[in-house]
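What you see below is based on every heavy atom in this structure, not just the backbone, and it leaves out hydrogens, waters and symmetry mates. Numbered from 1 within each chain, the chains take letters A, B, ... in sequence-line order.
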2 protein chains.
Amino acid sequence: MSQTDLEAVVRANHELFMLTGDRVTDLVGRHGLTLATAQALWVVDPEEAPPSMKVMSERLHCNAPNLSFVTNQLVDRGLVERLTDPHDRRSRVVRLTAEGRRVRGEIIAGTLERTPFAALGAGELRELAKLLAKVLGAADRERAGGTSAVAAR
Amino acid sequence: MSQTDLEAVVRANHELFMLTGDRVTDLVGRHGLTLATAQALWVVDPEEAPPSMKVMSERLHCNAPNLSFVTNQLVDRGLVERLTDPHDRRSRVVRLTAEGRRVRGEIIAGTLERTPFAALGAGELRELAKLLAKVLGAADRERAGGTSAVAAR
DNA sequence: GGTGTTACTTCGAGACTCGAACTACTTTCA
DNA sequence: TGAAAGTAGTTCGAGTCTCGAAGTAACACC
């Protein structure tokens, strides 16, 4: 019954996403954020070069106008700043402020405490991470094959 | 680095949920539905007794007014009908129409074709289903323990 | 029968998302 | 060089989704 397993997996993935969201709503609310803005903050990794709006909209699966809207909220709250990319002046780059780094850290830490996935042991978690990485890898390759090849990240 | 695995899992959960949504948007649109209404249709299992609005709102992690709104759309499209539960006349029960059963079947089948999870083999899928079921089970037990015990489903 | 509780709906407001149209900049190519 | 085409973002307007507050109907418990 592989079909049944597949359906169970899709359902569980949905359920766990919603459940994690439920448990995190208060936490992000305390920082004046919503789930949507918190997700946007999450995908700005302070360890790497500040992402462009285009990159962020891909990571968040939303379109450009939506990202402008969400980014404005983060700017208004002083969590990120919008800079013009000197290498391509069409492009705007989103950089965390000191406060943004702090809030992002708290939100990620709080999410990892609250998510139901935290109930797994280290071994199971590793196993799960491996399986999900495989699914994402396949999706990436599929996307690259579907359109003409794009530079992989 | 169990912390890193946990973060990767939470991220992958989000990414795969969004990715599945992206791939299914056209399909549900062809049936005059959106992702939100399609989810509502999904949780009405024709094999079991028609769920009450309350049960559906729990399954969808939304509140009562929202579910009324979404249910109205399904009723308008002739996919479900709203009936008063004879055992408790406060309660409304949502039952699929013949058309609703057909559309629900197509949407689920189409989703299982398109979801990135379909890239896994049967063995991996089974393994993944088992891990996710364990996470959901832990979340259920946690919920039951947190509040005073509620009859488990 | 009265009081409190539960299930649902309606209403109004806010948050989110998107397409269309626009600006600014870069790339291409003749 | 310079015009044409393409790309990155923004603004605007509309539609969808979500929620809290208030209201209605029915149950439950004395």
Side-chain angles (χ1 to χ4, degrees), chain A residues 14 17-18 21-22 24-26 28-29 31-41 49-77 80-95 147-148 150-151, chain B residues 14 17-18 21-22 24-26 28-29 31-41 43 50-77 80-95 147-148 150-151:
Chain A
H14 175 236
F17 177 70
M18 299 301 280
D22 285 352
V24 154
T25 302
D26 278 0
V28 302
H31 292 286
L33 298 177
T34 63
L35 288 178
T37 47
Q39 291 291 356
L41 197 61
S52 68
M53 300 291 277
K54 177 161 185 51
V55 166
M56 283 188 68
S57 69
E58 283 163 3
R59 289 184 186 169
L60 293 168
H61 296 262
C62 72
N63 60 9
N66 191 8
L67 185 61
S68 277
F69 173 79
V70 171
T71 302
N72 283 339
Q73 294 176 239
L74 293 178
V75 171
D76 289 347
R77 280 165 184 68
V80 305
E81 51 192 352
R82 229 193 289 241
L83 306 169
T84 297
D85 180 351
H87 298 330
D88 181 348
R89 294 172 42 73
R90 289 170 298 183
S91 185
R92 305 284 133 61
V93 128
V94 176
R95 189 169 65 188
T147 71
S148 56
V150 173
Chain B
H14 175 236
F17 176 71
M18 299 302 281
D22 285 352
V24 154
T25 302
D26 278 0
V28 303
H31 292 287
L33 297 177
T34 63
L35 289 178
T37 47
Q39 290 291 355
L41 197 60
V43 301
S52 69
M53 300 290 278
K54 177 158 184 51
V55 167
M56 284 188 67
S57 69
E58 283 163 3
R59 289 185 186 168
L60 293 169
H61 296 261
C62 72
N63 60 11
N66 191 8
L67 184 61
S68 277
F69 173 79
V70 171
T71 303
N72 284 338
Q73 293 176 240
L74 293 177
V75 171
D76 290 347
R77 280 165 183 69
V80 305
E81 49 192 353
R82 229 194 290 240
L83 305 170
T84 297
D85 180 350
H87 299 330
D88 182 349
R89 295 171 42 72
R90 289 170 300 182
S91 185
R92 308 281 179 286
V93 129
V94 176
R95 190 168 65 190
T147 73
S148 58
V150 174

Only pairs under 3.5 Å count here: list side-chain donor-acceptor contacts from residues 64-73 of chain A, not counting sequence neighbours, and write none if there are none.
from, atom 1, to, atom 2, distance (Å)
A:Thr71, OG1, A:Leu67, O, 2.8
A:Asn72, OD1, A:Arg82, NH2, 2.1
A:Asn72, ND2, A:Ser68, O, 3.3

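- Here the closest non-hydrogen pair linking B:Ala38 and B:Val28 is CB-CG1, 3.7 Å.
- For the pair A:Arg82 CZ and D:dG9 C1', the computed distance is 8 Å after rounding to whole Å.
- The nearest whole Å value for the distance from the CZ atom in A:Arg92 to the C1' atom in D:dT11 is 13 Å.
- A residue-by-residue look at B:Ser52 and A:His61 shows that B:Ser52 has its nearest nucleotide of DNA chain C further toward the 5' end.
- On the nucleic acid side, DNA chain C has its first and last nucleotide under 4.0 Å of a heavy atom of chain B at C:dT6 to C:dT10, going 5' to 3'.
- Applying the side-chain hydrogen bond (donor to acceptor under 3.5 Å, both in side chains) test to A:Thr37 and every residue at least two apart in sequence or in another chain returns A:Thr34.
- Summarising the geometry, the separation between CG on B:Leu74 and P on D:dC17 is reported as 11 Å, rounded to the nearest angstrom.
- Between A:Asn66 atom CG and D:dG13 atom C1' there is a gap of 15 Å when expressed in whole angstrom units.
- Considering only residues two or more places apart in sequence or on other chains, B:His14 meets the side-chain hydrogen bond (donor to acceptor under 3.5 Å, both in side chains) condition with none of them.
- Residues passing the side-chain contact (heavy atoms from CB on, under 4.5 Å) test with B:Pro51, sequence neighbours excluded: B:Val44, B:Val55, B:Met56, B:Arg59.
- Applying the side-chain contact (heavy atoms from CB on, under 4.5 Å) test to A:Arg95 and every residue at least two apart in sequence or in another chain returns A:Pro50, A:Glu81, A:Leu83.
- Using a 4.0 Å cut-off, no side-chain N or O of A:Ser91 falls inside it from OP1 or OP2 of D:dA8.
- Side-chain contact check for B:Leu33 versus B:Leu74: some heavy-atom pair is nearer than 4.5 Å.
- For A:Asp85, there are no side-chain hydrogen bond (donor to acceptor under 3.5 Å, both in side chains) partners, not counting sequence neighbours.
- Residues that satisfy the side-chain contact (heavy atoms from CB on, under 4.5 Å) test with B:Thr84, not counting sequence neighbours, are B:Arg89, B:Arg92.
- Both A:Ser57 and A:Met18 sit near DNA chain D, but only A:Ser57 has its closest nucleotide nearer the 5' end.
- Residues forming a side-chain hydrogen bond (donor to acceptor under 3.5 Å, both in side chains) with B:Asp88 (at least two apart in sequence, or on another chain): B:Arg90.
- DNA chain D lies under 4.0 Å from no heavy atom of any residue of residues 31-39 of chain A.
- Distance CG (A:Asn63) to P (D:dT11): 15 Å, rounded to an integer number of Å.
- Here D:dT10 presents its P atom at 11 Å from CE of A:Met56, a figure rounded to the nearest Å.
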Show me the protein contacts with nucleotides 27-30 of chain D, counting only N or O atoms at under 3.5 Å.
from, atom 1, to, atom 2, distance (Å)
D:dC27, OP1, B:Arg89, N, 3.1

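- The overall bend of the helix from C:dG1-D:dC30 to C:dA30-D:dT1, read as the angle between its terminal helix axes built from five base pairs each, is 30° when rounded to 10 degrees.
- Contact between the side-chain N/O atoms of B:Gln73 and the OP1/OP2 oxygens of D:dC17 is found at a separation under 4.0 Å.
- Distance A:Phe69 CZ to D:dG9 P: 18 Å, rounded to the nearest Å.
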